[in-house]
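Would you mind keeping the following structure in view while I ask a few things?
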Amino acid sequence: MDEVQIQSVWDSETRELWLGEESDTLVSMSGRLYGLTLSGGDLVVNRSQSAASIPGGERAVVETFLRRFLKDPDPASWLDPAIGSMRYRLDRVLGGNVMTPAPHRSSEDIRMTVARVLNNGVVLKVATAWGRSCEILLSSDQRIVAASVDGTGIPVLFDGVVPDVHTGQWGGGGIAPIDSAPDPMAVLPFSRSFPMKDALGEEIGSQVLRVAVSVPGGSLWRGPVNCQLVSLNGRLFGFRMGADENLEVVESTHVTIPMNENSVTVFRQHIRQFESEFVNNGLRIPPDRSWKVLDLLGEKARGIFNADSRFRCRKVAVREGAIRITLSASDVRGRFPEINLGPELQVLSVNVLRGYQELEEREL
């Protein structure tokens, strides 16, 4: 077994004793000491114990620690919120594409420093060798209540606590920009897979439910995983080709995730609701609107597309205050339906682009 360095710090004024594996840094908040360590990209926090509130004082704290240590000489595994020993997966808070190193990188290339200590919390700065700069606010009651990535504030959607007994089946890559107007927009996307079963209860595949939260704004969207997301006037829209060659759209919900300490609770409440709805609807999210592509094209489809044409969403973009959907068909080369929708999803225009040059010009 590797050697374990035990550190002891005594605060004579508050009669708080911090005792544990040597930490990267110690801070004092609300009269207690907290040891903070970055371990493999995770934040490990250990809180001091009060020697004034238990019989025997400092000696009792030490004896309790030694008994625990003899039973399990790896303090890093002592995850017990009751004694303030907790571990947080920062990739759950900040996003996998921010914290997870590429194959040729190491978690050793992640550094944590104390930016500032507040009366009821501490702001930690997390920097990676691959250029990401993040901040998290850890409160004195040991909750991550605020975060930012590369200077952009993001809502904290998962508490990051290990083990995750509430939302562990949800995964996500982190903040991602999307096409939007009038202002730049990004989303925090997450997804969960649900098994599909036949009449005998045997698994025959899976369906994936996706949720996304806009940054800034906190608008909450849920829908099929293969939707392409855009934002217009602060609303999220997800487009895809559905059954019977219908162009489908799922709009954002009327829920806004707050940028405060309640964000985790609000988000958890609504994804539980979405999970229930998804299962009760046979593992599907009904579209808010849909259009049969051939009906939209009308006379413009004549001699080009027919009932056997199979369309796919090539690109969804926001241009000149409208949503532009460009399609392609598997049986027709060099012809691309283009549908322009207004802010209320009204059809503004329908075109058929002729040739790749016109397509490239329109997609610029």
Side-chain angles (χ1 to χ4, degrees), residues 170 172 176 178-181 185 187-196 205-214 217-257 270-298 300-301 305 307-319 321-330 336-351:
W170 287 85
I178 61 172
D179 226 44
S180 63
M185 183 78 71
V187 293
L188 293 167
F190 300 93
S191 60
R192 178 188 169 183
S193 179
F194 292 77
M196 298 173 61
S206 64
Q207 289 286 359
V208 178
L209 174 62
R210 182 186 183 196
V211 299
V213 178
S214 65
S219 181
L220 180 60
W221 178 92
R222 87 297 179 242
V225 70
N226 59 343
C227 282
Q228 294 189 44
L229 282 174
V230 295
S231 173
L232 183 59
N233 299 335
R235 296 165 63 191
L236 293 174
F237 299 91
F239 290 87
R240 72 165 188 167
M241 287 303 304
D244 301 321
E245 301 309 303
N246 285 334
L247 175 64
E248 298 181 345
V249 59
V250 178
E251 300 180 52
S252 52
T253 67
H254 297 292
V255 176
T256 299
I257 302 299
H270 286 286
I271 63 171
R272 285 286 176 262
Q273 177 185 335
F274 297 157
E275 289 172 337
S276 177
E277 292 174 352
F278 191 58
V279 171
N280 292 337
N281 285 329
L283 302 184
R284 62 183 299 270
I285 297 291
D288 293 303
R289 294 281 299 276
S290 66
W291 304 264
K292 195 167 185 63
V293 173
L294 287 180
D295 290 344
L296 283 175
L297 294 176
K300 295 182 179 180
F305 308 105
D308 294 325
S309 295
R310 296 294 176 262
F311 297 96
R312 72 176 182 89
C313 279
R314 179 183 176 92
K315 185 175 183 178
V316 182
V318 179
R319 297 289 185 272
I323 301 172
R324 179 183 296 169
I325 305 106
T326 307
L327 308 177
S328 62
S330 59
F336 306 97
E338 180 189 87
I339 302 157
N340 291 281
L341 303 177
E344 301 304 322
L345 299 179
Q346 70 274 28
V347 178
L348 300 178
S349 65
V350 177
N351 305 299

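Along the sequence shown, residues are numbered consecutively beginning with 1.
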Show your working on side-chain contact (heavy atoms from CB on, under 4.5 Å) between F278 and R222 and close with a plain yes or no. CA-CA 10 Å; F278 191 58; R222 87 297 179 242; over 6 Å; no
Rounded to the nearest 0.5 Å, how far does CD of E248 lie from SG of C227?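 Spacing of SG (C227) from CD (E248) equals 7.5 Å.
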N340 vs N351 side-chain heavy atoms within contact, under 4.5 Å: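 Result yes, sub-4.5 Å side-chain heavy-atom pair found.
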Please report the shortest heavy-atom distance between P286 and N281, naming the atom on each side.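 Shortest heavy-atom separation between P286 and N281 comes out as CD-ND2, 4.1 Å.
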Exam field: side chain D288 to backbone E251, donor-acceptor pair closer than 3.5 Å: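 A pair under 3.5 Å: yes.
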Is a donor on one side and an acceptor on the other found under 3.5 Å between the side chain of N246 and the backbone of G242? no
Is there a side-chain contact (heavy atoms from CB on, under 4.5 Å) between W170 and E275? Walk through the geometry before answering. CA-CA 11 Å; W170 287 85; E275 289 172 337; 2.7 Å; yes
For the student: nearest non-hydrogen atoms of V250 and W221, plus distance: O-NE1, 2.7 Å
Pair L232, L341 - check side-chain contact (heavy atoms from CB on, under 4.5 Å), show working. CA-CA 11 Å; L232 183 59; L341 303 177; over 6 Å; no
Roughly how far apart are L296 CG and I339 CD1, rounded to 0.5 Å? 5.0 Å
Measuring from atom OG of S206 to atom CZ of F194, what distance do you get when rounded to the nearest 0.5 angstrom? 10.5 Å
Taking C-beta and beyond as the side chain, do D179 and V316 meet within less than 4.5 Å on heavy atoms? no
If you look at every heavy atom in M185 and S180, which pair is closest and at what distance?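 The pair with the smallest heavy-atom distance is N-OG, 3.1 Å.
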Less than 4.5 Å apart, any side-chain heavy atom of F237 and any of I178?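 The answer is no; the side chains never approach within 4.5 Å.
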In Å and rounded to the nearest 0.5 Å, what is the CZ to CD distance from R310 to E245?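 Rounded to the nearest 0.5 Å, the CZ-CD separation comes to 5.0 Å.
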In terms of side-chain geometry, is the basic nitrogen of R314 or E338 positioned less than 4.0 Å from the acidic oxygen of its partner?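 Looking at E338 together with R314, the answer is no, because their closest N to O distance does not fall below 4.0 Å.
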Do the non-hydrogen side-chain atoms of F239 and I323 ever get within less than 4.5 Å of each other?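 The answer is yes; the side chains approach within 4.5 Å.
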I need the minimum non-hydrogen distance between T256 and G217, along with the two atoms involved. CG2-O, 3.3 Å
Nearest atoms (heavy-atom pairs only) where M241 meets C313: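 Of all heavy-atom pairs spanning M241 and C313, the closest is CG-N, 3.8 Å.
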How long is the straight-line distance from CG of L327 back to OG of S309, given to the nearest 0.5 Å? 11.0 Å
Determine, step by step, whether V347 and W291 satisfy the side-chain contact (heavy atoms from CB on, under 4.5 Å) criterion, reporting the C-alpha distance in whole Å, the side-chain angles of both residues, the deciding distance to 0.1 Å, and the verdict. CA-CA 10 Å; V347 178; W291 304 264; 4.0 Å; yes
Q207 side-chain N/O to M196 backbone N/O, donor-acceptor pair under 3.5 Å: no
What I want to check is whether the side chains of S191 and R210 have a donor and an acceptor closer together than 3.5 Å.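 No, R210 and S191 have no side-chain donor paired with an acceptor closer than 3.5 Å.
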Output the distance between atom NZ (K315) and atom OG (S328), rounded to the nearest 0.5 Å.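 Nearest 0.5 Å value for the NZ-OG distance: 13.5 Å.
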Is the charged tip of R192 near the ring of F190: under 6.0 Å from the six-membered ring centre and within 45° of its axis? no
Heavy-atom closest contact (L220 atom, V213 atom, distance): CD1-CG2, 3.7 Å
